[in-house]
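Below, read A as the first sequence line, B as the second, and so on, with proteins coming before strands; counting in each chain starts at 1.
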Amino acid sequence: MSIQLSKHFESAAVEQKWYAYWESKGYFASTPDERDPYTILIPPPNVTGVLHMGHMLNNTIQDVLIRRARLNGLNACWVPGTDHASIATEAKVVKMLREKGIKKSDLTRDEFLEHAWGWKEEYGGKILKQLRKLGASCDWDRTAFTMDEVRSEHVYKAFVDLYEKGKLYRGLRMVNWDPEAQTVLSNEEVIHNEENGKLYHMKYMIVGEVGKYVTIATTRPETLLGDTAIAVHPDDPRYTDLKGKSVTVPLINRDVKIIFDDYVDIEFGTGALKVTPAHDVNDYELGKKHNLGVVDIFEDNGSISEAGLLYIGMDRFDVRKQIVKDLKNADLIVEIEDYRHSVGRSERTNAVVEPKLSLQWYVDMPAIAKPALEAVESDEVEFFPKNMKNTYRHWMSNIKDWCISRQLWWGHRIPAYYYGDYVAVALDAETALKSIQEQAKDPSITMSEIKQDEDVLDTWFSSWLWPMSTFNGWFDQKELDYYYPTSVLVTGWDIIFLWVARMVMAGYEWQGTFPFKDVYFTGMVRDKKRRKMSKSLGNSPDALKLIEEFGADGVRFGMLSCSPAGGDLLFDDKLCLQGRNFSNKIWNALKLIHSWDIDESLSQPTENTLASEWINHKFNEVSKLTEQSIADYRLSEALIKLYSYIWDDYCSWYLEMIKPAYQSPIDSASVNQAKAALKNICILLHPFMPFITEEVWSTLKTDDDSDCIVTRYPEYIEVDESLVSDFERLKEVVSSIRDTKNQNQINLKELLPLSVVQDDESTQLLSRAGIKETMLKIGYLESINVIADGEGSGYGFIVGKSKYYLESNQEIDAEAELQKLLEELKYQEGFLISVTKKLDNKGFVANAPAKVVEMEQKKKDDSIARIALIKEAIDRLKKS
RNA sequence: GAGACUGUAGCUCAGUUGGUUUAGAGCAUUACCUUGACAGGGUAGGGGUCGGGGGUUCGAAUCCCUCCAGUCUCACCA
């Protein structure tokens, strides 16, 4: 009763079938029980995002770890969810509305939020459906959203708690303003890059001295509208006579002071600096020090405000062009030079960030950073790869306060309420009102008189609570006690500050301990040219199309086989192709086994008994190695070991050994062992390639077996080293036979007699039951004869220290044989020289450990013996 | 400007406290063979002054110094 199997592995149908089945069985679901937990929290993707290669990589890794834990008998819990992504989502909604002809400014806050929620309902969670296609075994019942009720409660509670502890405050500071999204950004959301610009040298005429001027160099001529001083270094000899004088700001003709401050760099530009306190961090500090006025010339959208006096309403970049023209016309430009300098852009909108003075909410980071820094220093939270510790330490030791308010509507509204100068921070308006009445000592203040802050919180202010909020930890301690701290966080290194560090801080601040034991930083997925994959470059393959083409298992294989922790991953379709071919290889191994006719009356041939023992011991060896690799988060190493075990050991050697002759039946023991070995393979490979393994398993499982996904790893058996090493020797002999036939144009399947010269090594090898039989079978030999030294004839070869002769009545090409031997001799002699050199070195013998010296001596002896064998063979050839 | 990391075969990378056959794997490539499980399979081969130089050591891809190249992070002077 053979099973009918398709010619190739058909991934699409199989994947759909098993995923639905696993879900229906509730295999992904986790509830606290007596087992140890193994917990992973997904880095929540943007709720309206689509699956890209970065997600594929890091979710594949998480799934491998979760499935591995499940097979180890742990209570595996992988919590999925999405992030509301304040800026990104709001921008998308605004764009969508604009396309419908609706302006955000025409809507009330509530109307806008209604549209936003509608958008979220329509597109939200699409990415989680896509993750299912990849095989992600998340506990979907636990799906969380950073803006759902439970998560929101955590956000407000955290805000109020920090405020009450004095670790959160409202302050007037120079901030990063994104004129496109029209919100403030944290330092971490500003990306600095070198860009080509110009340095404009402009004339500032000295008041009361006709024709005399100071030349000022700037990259931003348009900000002169906000100038309230110019500054020079007090020791600069060029400017000593300017003390007490003023200059006229060009075009707007405002007279401003010349101030002297050693902040100015004499070497740079002309040594004279224009001071615009409203639009530059350093100028702001200078302004404070010298009591300068502050003229804010920009509207929130980056256009010039009335305070600018000129160009009112024009965009800042248009003004730059225009103002240069106007300055030229007024003969106030001295020089324009090309200049490369760093420009800060918004991470989300790519708009050039405008420094701006503004009142915002901040978290006092130095107040909460210390335990989080120590945790990573001491490896209480362990980073993989280790060198991320450096980056973390550097940032944590120089940490700045975190600006958390955003001038947006989509997000958690700041729970702060105002009445005149009174501020109340509270979970609800009633409490806030009460507090304000108390502060103002005026119980007559009504609800309608207090105003809640219009701003929302930075998205990351909800994300940093993720390890607690996903378990509803502050309102239901039970789950948190069981699952927290989680086992490992898998994420990209690009959000180490935005997210990882802050989660560690939140963990210590509120739970008193770390949120995850390990952090596995994945690299960035890049294309073959090392460019980061991005939508704008169009170099990112469509994740779902890849799955369609190569199968989820194939894609997972492709992503994993080249993903060293932290190292960038150069993605190439070819890797997925290799994965698909691998699936197919396994599929065909299964087909082969199922195609055999079993004859129950046959007893098992010795060679098959030996082969089965070997493949089992080899399995244990591989299983141990992969376990270690995974424990060190070296997933690609583990996968490659498995790949080679399956392809080379199981398929190329083992199946070829036990395979019956064409159309002959096979004994049942051999088939059962082959099936058992393949089942073991399924278990070991399951975390990496879940679909094919479940499918193969399902055709092999007995009624007592559970499904592959929830079965347990087989028990480890001590590896019989002598069996494995005898087998290696056997493989060498067979390879040599194949090679000899190949070299001499003998058909591989032509049966020839093999003579083995008797010595200790060959005697031991051949005495193991099944070795001879295997040689006969897969070496296609007519017979094996043990002979005395010197009796051999035919094609000789050496394996280990033993001599073998493949006899043939074909004329031997003595010249070719000789060449081969001479080359081998050359190598061996070279080797001997290097070993001898080492051993002749008195320093080596005296200083190296005995073990090492012993090993070198053995290498030398072996080499001498081998050289003797080769020389003998050469002599004989020459004689004949 | 400060710091971190990387440099090993055509490509991607291993090489775990300096010593296990004069440096390994996968992919790619070449030749031959095979094609009755396999979108293939088998066998063999080519290809590397371990970025350059110097040092420590009996011994260095591995440790130290220096130079070169690249990547990244942080901070920024108009």
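Within residues 219-234 of chain A, the residues approached by RNA chain B to less than 4.0 Å at the level of any non-hydrogen atom are A:T219, in residue-number order. Using a 4.0 Å cut-off on heavy atoms, the residues of residues 845-853 of chain A that approach RNA chain B are A:N847, A:A848, A:P849, A:V852, listed by number.
The side chain to side chain donor-acceptor pair (under 3.5 Å) test applied to A:N588 returns A:K591, not counting sequence neighbours. In terms of the side-chain contact (heavy atoms from CB on, under 4.5 Å) criterion, residue partners of A:E337 (sequence neighbours excluded) are, by chain and number, A:L199, A:H201, A:E335.
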Going by atom type alone, with no hydrogens or angles, which donor-acceptor pairs under 3.5 Å involve a side-chain atom of residues 190-198 of chain A and a protein atom two or more places apart or on another chain?
unit_1	atom_1	unit_2	atom_2	d
A:E195	OE1	A:R345	NH2	3.2
A:E195	OE2	A:R345	NE	2.7
A:N196	OD1	A:R340	NH1	2.9
A:K198	NZ	A:D338	OD1	2.8

Let me check something: any side-chain donor-acceptor pairs from residues 837-845 of chain A under 3.5 Å, sequence neighbours excluded? List them with distances.
unit_1	atom_1	unit_2	atom_2	d
A:N841	OD1	A:G843	N	2.9
A:N841	OD1	A:F844	N	3.3

Side chains of residues 642-649 of chain A: which donor-acceptor pairs under 3.5 Å do they make with residues two or more places apart or in other chains?
unit_1	atom_1	unit_2	atom_2	d
A:Y643	OH	A:Q578	NE2	3.4
A:Y645	OH	A:I615	O	3.0

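Pairs passing the side chain to side chain donor-acceptor pair (under 3.5 Å) check and including a residue from residues 216-233 of chain A, sequence neighbours excluded, read A:Y204-A:D227, A:R220-A:E222, A:R220-A:E354, A:E222-A:R320, A:T223-A:K274, A:D227-A:K274, A:D227-A:T276. Legend: salt bridge (charged side-chain N to carboxylate O under 4.0 Å, His left out) pairs involving residues 576-589 of chain A, not counting sequence neighbours: none detected. For residues 387-400 of chain A, the salt bridge (charged side-chain N to carboxylate O under 4.0 Å, His left out) pairs, not counting sequence neighbours, are A:E377-A:R393, A:D379-A:K389.
Proximity note for A:N581 (side chain, C-beta onward) versus B:C38, B:U73, B:G40: the nearest is B:G40. For A:K585, taking side-chain heavy atoms from C-beta onward, the closest of the listed nucleotides B:U22, B:A37, B:G19 is B:A37. Side-chain proximity of A:R738 to the nucleotides B:A39, B:U43, B:U21 is greatest for B:U43. Taking every side-chain heavy atom of A:S834 into account, B:U22 is the closest of B:A78, B:U22, B:G41. Of the listed nucleotides (B:U22, B:U43, B:A78), B:U43 has the atom at the smallest distance from the side chain of A:S735.
Within the 4.0 angstrom heavy-atom criterion, no nucleotide atom of any strand lies near A:F582. No contact: A:Q828 has no heavy atom under 4.0 Å from any strand. As judged by a 4.0 angstrom heavy-atom cut-off over every strand, A:Y827 is placed among the base-contacting residues.
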For RNA chain B, what string of dots and brackets results from 5' to 3' when Watson-Crick and G-U pairs need both distances under 3.5 Å, crossing pairs get [ ], and pairs with another strand get |?
-> (((((((..((((.....[....)))).((((((.....)))))).....(((((..]....))))))))))))....

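At B:C38, none of the side-chain N or O atoms of A:K591 fall inside 4.0 Å of OP1 or OP2 (strictly under the cut-off). Residue A:K858 has no polar side-chain atom (N or O) positioned under 4.0 Å from OP1 or OP2 of B:U20. Residue A:S652 places at least one side-chain N or O closer than 4.0 Å to OP1 or OP2 of B:G42.
Rounded to whole Å, the distance from CD on A:E194 to C1' on B:C74 is 14 Å. In this structure, A:N398 places its CG atom 14 Å from P of B:A4, rounding to the nearest Å. Per the geometry, CD1 belonging to A:I399 stands 11 Å off P belonging to B:A75, to the nearest Å. Across the protein-nucleic acid pair, A:F844 atom CZ and B:U20 atom P stand 10 Å apart, rounded to whole Å.
Between the side chain of A:N584 and the base of B:A39, a donor-acceptor pair under 3.5 Å is found.
Rounded to whole Å, the P atom of B:C67 lies 23 Å from the corresponding atom of B:C72. B:C68 and B:C32 have their P atoms separated by 49 Å, with the value rounded to a whole Å.
Distance alone, capped at 3.5 Å, is enough to place a donor-acceptor pair between the A:N747 side chain and the A:K749 backbone.
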Close N/O contacts between protein and nucleotides 24-33 of chain B (under 3.5 Å):
none

